[in-house]
Protein chains: 2
Amino acid sequence: MPDNSDLTSAPAEPSLQEQIAAYQREFQDLDPQVEQVVSALQRVNRRMNVAYGRQTATLGVSNAEWEVLKALVLSGEPYRLGPGDLAKRLGLTPAAMTHRIDRMAGEGLVTRERDENNRVRVIVELTHEGREKWLEAMRMASVFEEDLLQDLSAEERGLLGELLARVLRRVEEDQPDAGGRLTDLD
Amino acid sequence: MPDNSDLTSAPAEPSLQEQIAAYQREFQDLDPQVEQVVSALQRVNRRMNVAYGRQTATLGVSNAEWEVLKALVLSGEPYRLGPGDLAKRLGLTPAAMTHRIDRMAGEGLVTRERDENNRVRVIVELTHEGREKWLEAMRMASVFEEDLLQDLSAEERGLLGELLARVLRRVEEDQPDAGGRLTDLD
DNA sequence: CCTGAAGACTTCAACAGTAAAGTTCGAAGC
DNA sequence: GCTTCGAACTTTACTGTTGAAGTCTTCAGG
């Protein structure tokens, strides 16, 4: 008669409040206000990434590919960047960019050609199809993002954006080098 | 005479304001307030992950391993969870957990044993060394987190935490299943 | 010119993650 | 009590990323 009454019982994800309480229990020197900001930030970001992944998947574009499209579009006309730049902006190694561009060029989302003025350089350029894919993804993302903030008034949204921008300014001037790999993390 | 005056000139990372302006330029149907919240959130989160990675690396613990330690500690005494639970909490597949636990058991951070009451189950338990590593990492992380919010008053911190918690509540009840892989993304 | 140094990308080997198939044990029915 | 089903973990094959080494081009001197 298997009993396992308490060792195998509570699997579910803890709520934010439970998580903060657990931190307090296990590590006393912790400001609960700070921890609430950090934990909530991480959890919201994680949910966003999951949602983006589901949406882009319906377009036949991976999340990784969407990132490349985004960087190219945001660079503005003529939607060209080098592999090195792209790698820096996405926070991954040049080697990884080489392979990503291979795939995306094969799918017709970008083109890759050598710069004729400087044959060491390579130019990655967004195709029309790539731009269309990005626009479709953005349409879906903007709906999701609007929904995300639905419980906040316009004033609260502005306040939240301003507070986050101030935090960002702090951390960006503390360690100005954007570089640094990141693998996962919630 | 190589010229390349404008094609190879501007590589640097755009600022938050520049990024939002680029979004407006490329995609008109976008609420700049919403986009500021989303973009700032993503960028802060990314910087945090890079910072955590650097800190844990100095302890000889990878970011991925730190995540496992965190889940075990927050589960409370006796610091035991199954691979399946861990996988769910960290948002990765059971197969990945098997390998992570292999490594971490080899390093003495956790132990792995079969549950004698139900031999299908496996119990992963934090070792004393694992708990010490987590505490060291937390000491460093709490200093960083405190610094992150240094420009905000206590009142502003509370407000930020509350607004984020409300956003989190919204997204968690919208899609209640925490599951969902995530690979990278900024 | 020719050589050396530096830059930009690519290639290679090792490693971490996913998806799907495989294994083992426990529980329910006949 | 034998069989079947399902749960929990592991194994296998493959994809994607890293870090280091390699290639090719440009630039600066001798």
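Chain letters run A, B, ... following the sequence lines, proteins first and then strands; every chain starts at 1.
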Would one find a side-chain N or O of [X] under 4.0 angstrom from OP1 or OP2 of [N]?
| X | N | answer |
| --- | --- | --- |
| R103(A) | dT15(D) | no |
| R100(A) | dT10(C) | no |
| R119(A) | dT23(D) | no |

Tell me: [atom1] of [X] to [atom2] of [N], nearest whole Å?
| X | N | atom1 | atom2 | result |
| --- | --- | --- | --- | --- |
| L81(B) | dC9(D) | CG | P | 10 Å |
| H99(A) | dT15(D) | NE2 | C1' | 11 Å |
| R114(B) | dC25(C) | CZ | P | 7 Å |
| E113(B) | dC25(C) | CD | P | 17 Å |
| N63(A) | dT15(D) | CG | C1' | 16 Å |
| I101(B) | dA8(D) | CD1 | P | 15 Å |
| E67(A) | dT17(D) | CD | C1' | 15 Å |
| L92(A) | dA16(C) | CG | P | 18 Å |

Which nucleotide in the set dA8(C), dG19(D), dG17(C) lies at the smallest distance from any side-chain heavy atom of R121(A)?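 Selected nucleotide (nearest to the side chain): dA8(C).
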V143(B) and V37(A): same hydrophobic cluster, using ILVMFWY side-chain contacts below 4.5 Å?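 No, because V143(B) and V37(A) fall into different hydrophobic clusters, even though each may have its own neighbours under 4.5 Å.
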Over 12 foreign heavy atoms within 6.0 Å of CD, E155(B):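 Counting neighbours around CD of E155(B), 12 or fewer heavy atoms of other residues, nucleotides or ligands fall under 6.0 Å, so no.
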Nearest-nucleotide comparison on DNA chain D, the residue closer to the 5′ end among E116(A) and D102(B):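 Closest to the 5' end, via its nearest nucleotide, is D102(B).
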Along DNA chain C (nearest heavy atom to each residue), the more 5'-positioned of V120(A) and A96(A):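 Upstream on the strand: V120(A).
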Between H128(B) and E132(B), does a side chain to side chain contact (heavy atoms under 4.5 Å, CB included) hold up when you go through it step by step? CA-CA 6 Å; H128(B) 178 71; E132(B) 288 302 317; 3.5 Å; yes
Parallel, tilted or perpendicular, as decided by the 30° and 60° cut-offs, for the rings of Y52(B) and F144(B):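 Answer is perpendicular, since the angle exceeds 60°.
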Tell me the closest heavy-atom pair linking L69(A) and L109(A), and the distance in Å.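 Reported closest heavy-atom pair: CD2-CB, 4.3 Å.
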